[in-house]
Amino acid sequence: MTVNNGGNLSKEYFNAYIRLIMNARNCSLEDAEVYIYEHFFNGNSHSFGEFSYSSYLKAVEEMSME
């Protein structure tokens with residue numbers, strides 16, 4: 001996924017993105033986490049900055065409680 005003007009990506013952005021990956025790949029949250037870390041973050045949690053990665057982790061945590 002190409003991110004133009006990524007800046008600080010929000011928890012809401014990652015909620016939507018995780019759901020998109022889960023629906024498109026028909027996979028679990030855990031599988032989506034692995035996919036997103038490898039393909040979106042390119043295996044580097046700092047690739048989009050600390051704020052965005054923190055938002056991603058919050059989105060994952062929130063979705064795991066659903």
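Connection of V34 to F14 is not established within any shared hydrophobic cluster, with ILVMFWY side chains joined at heavy-atom distances below 4.5 Å, either directly or through further cluster members. A continuous path of ILVMFWY side-chain contacts below 4.5 Å connects L20 to F41, so both sit in one hydrophobic cluster.
Residue I21 comes nearest to A32 through the heavy atom pair CG2-CB, 3.9 Å, listed as atom of the first residue, atom of the second, then distance. Smallest separation of non-hydrogen atoms from I18 and A59: CD1-CB, 4.1 Å.
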Candidate pair M22 and Y35, rule side chain to side chain contact (heavy atoms under 4.5 Å, CB included), full reasoning = CA-CA 10 Å; M22 289 172 67; Y35 180 85; over 6 Å; no

request  = Please lay out, stage by stage, how N8 and S55 fare under the test side chain to side chain contact (heavy atoms under 4.5 Å, CB included).
outcome  = CA-CA 9 Å; N8 293 327; S55 295; over 6 Å; no

message = For a side chain to side chain contact (heavy atoms under 4.5 Å, CB included) check, start with the C-alpha distance between Y37 and Y53, then their side-chain angles and the critical distance, and finish with the verdict.
response = CA-CA 10 Å; Y37 188 77; Y53 191 69; 3.9 Å; yes

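The neighbour count for N42 CG, taken as heavy atoms of other residues, nucleotides or ligands under 6.0 Å away, is above 12.
With Y56 as reference, E33 is the one residue of E61, E33, K11 to meet the side-chain contact (heavy atoms from CB on, under 4.5 Å) rule.
The aromatic rings of Y17 and F40 sit tilted relative to each other, their planes meeting at an angle between 30° and 60°.
Taking CZ of R19 as the start and CG of L29 as the end, the distance is 9.5 Å to the nearest 0.5 Å.
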